[in-house]
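No hydrogens, no waters, no symmetry mates; every other heavy atom, side chains included, goes into these values.
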Amino acid sequence: PLKQLIGAIRHSAETGEKTPVQIQPHDELGTVIGAYNDMLLREAEREKALARSNRLLEASEDLRQSEERYRRLVDVSPDGVIVHTGGRIVFANASLAQIFGATSPDQMIGVMMDSLVPPSELAQVRDRRNNLANGADIGLRETSLLRLDGTEFPVERAVARIHWEGEPSNLLVIRDITERKATELEL
């Protein structure tokens, strides 16, 4: 048994293979071999845990890079992008701020979405918001919104249901179509 243990230790040192040794549990050597086998088992468990940890780190890095690409895409979008949770704006890009006449995206944070909807369209918007929360596909739609100064203007908007910081939220992409509508009227 001692030669078998020494051989297994040498083999493990030379090849990296972890081969358990058969034990005779009733003597001192059996106790040593049992301890060696336990050590191999614990080491294998640590290696598995380390591999899982490495996979999680890689997945976390992939997610971070994906979020960074998405953030860049949103930041350079010529369309306004907005996220609202519970009707309160929690994210706005620079284009959205410009569309609504804000000096910066930060000025839009905390604004209630209903304050940007003309009173004549508020009931319809709330119905669409409820339908979206219940899984309906709202799609691309023309509607009117209110700039921060209260002037009404036409937009195209698309909306999707997302989770923002763990909360169900709505992501809207808004395009100001004021110029297009003016051109249509001229024709």
Rounded to the nearest 0.5 Å, what separates atom OG in S115 from atom CZ in R88? 9.5 Å
Less than 4.0 Å between a side-chain N and a carboxylate O, is that true for E142 and R157? no
For F91, enumerate each residue passing the ring-ring contact (aromatic ring centres under 6.0 Å, His included) test, keeping only those at least two apart in sequence or located in another chain. W164
Would you say that I174 contacts L96 through its side chain, given a criterion of any heavy-atom pair below 4.5 Å between the two side chains? yes
Tell me if a side-chain donor or acceptor on T15 pairs with a main-chain N or O of H11 at a distance below 3.5 Å. yes
Walk me through whether E165 and V90 qualify under side chain to side chain contact (heavy atoms under 4.5 Å, CB included). CA-CA 10 Å; E165 297 181 353; V90 294; over 6 Å; no
Verify whether one side chain among D176 and T178 offers a donor that lies under 3.5 Å from an acceptor in the other. yes
Suppose we screen for salt bridge (Lys or Arg N to Asp or Glu O under 4.0 Å). Which residues come up paired with E68, at least two apart in sequence or across chains? R64, R72
Apply salt bridge (charged side-chain N to carboxylate O under 4.0 Å, His left out) to the pair K181 and E184, showing each step before the final yes or no. CA-CA 5 Å; K181 288 294 186 180; E184 288 173 3; 3.7 Å; yes
Would a 4.5 Å heavy-atom cut-off, applied to side chains only, mark L145 and E121 as touching? no
Can a salt bridge be assigned to the pair R71 and E67 using a cut-off of 4.0 Å between side-chain N and carboxylate O? no
How about V159 and L132: do any of their side-chain heavy atoms sit closer than 4.5 Å? yes
Do R180 and E156 meet the salt-bridge criterion of a basic N to acidic O distance under 4.0 Å? yes
Taking atom types as modelled, is there a side-chain donor on E17 or S12 under 3.5 Å from an acceptor on the other? no
Pairing residues for L116 by the side-chain contact (heavy atoms from CB on, under 4.5 Å) criterion, not counting sequence neighbours: I89, F100, M108, V111, M113, L148
Quick one: does any side-chain atom of S169 pair with a main-chain N or O of H163 as donor and acceptor, under 3.5 Å? no
Of the non-hydrogen atoms in E152 and P118, which two are nearest, and what is the gap between them? CD-CG, 3.7 Å
Quick one, V155 and T143 - any side-chain contact, counting heavy atoms below 4.5 Å? yes
Is the side chain of Q107 donor-acceptor paired with the backbone N or O of T103 at a distance under 3.5 Å, no angle test? yes
Determine whether the side chains of R161 and N170 contain a donor N or O and an acceptor N or O closer than 3.5 Å. yes
Separation between CG of N131 and CZ of R129, rounded to the nearest 0.5 Å: 11.5 Å
Report the distance from atom CG of L40 to atom CD of E47, rounding to the nearest 0.5 Å. 9.5 Å
Flag yes if V117 and L172 sit in one hydrophobic cluster, no otherwise; membership is Ile, Leu, Val, Met, Phe, Trp, Tyr, and two members link when side-chain heavy atoms are under 4.5 Å apart. yes
Between A97 and P105, the two heavy atoms sitting closest are CB-N, 3.6 Å
Hey, could you give me the CD1/CG distance between I162 and L171, rounded to the nearest 0.5 Å? 5.0 Å
Under a 4.5 Å side-chain heavy-atom rule over Ile, Leu, Val, Met, Phe, Trp and Tyr, are L122 and F153 clustered together? yes
L63 vs E61, test: side chain to side chain contact (heavy atoms under 4.5 Å, CB included). Steps then yes/no. CA-CA 5 Å; L63 178 60; E61 178 62 17; over 6 Å; no
State whether the side chain of N93 and the backbone N or O of D79 hold a donor-acceptor pair below 3.5 Å, judged by distance alone. yes
Do any N or O atoms from the side chain of S60 and from the backbone of E58 form a donor-acceptor pair under 3.5 angstrom? no
When you measure from the side chain of T183 to the backbone of E179, do you find a donor-acceptor pair of N or O atoms at a distance under 3.5 Å? yes
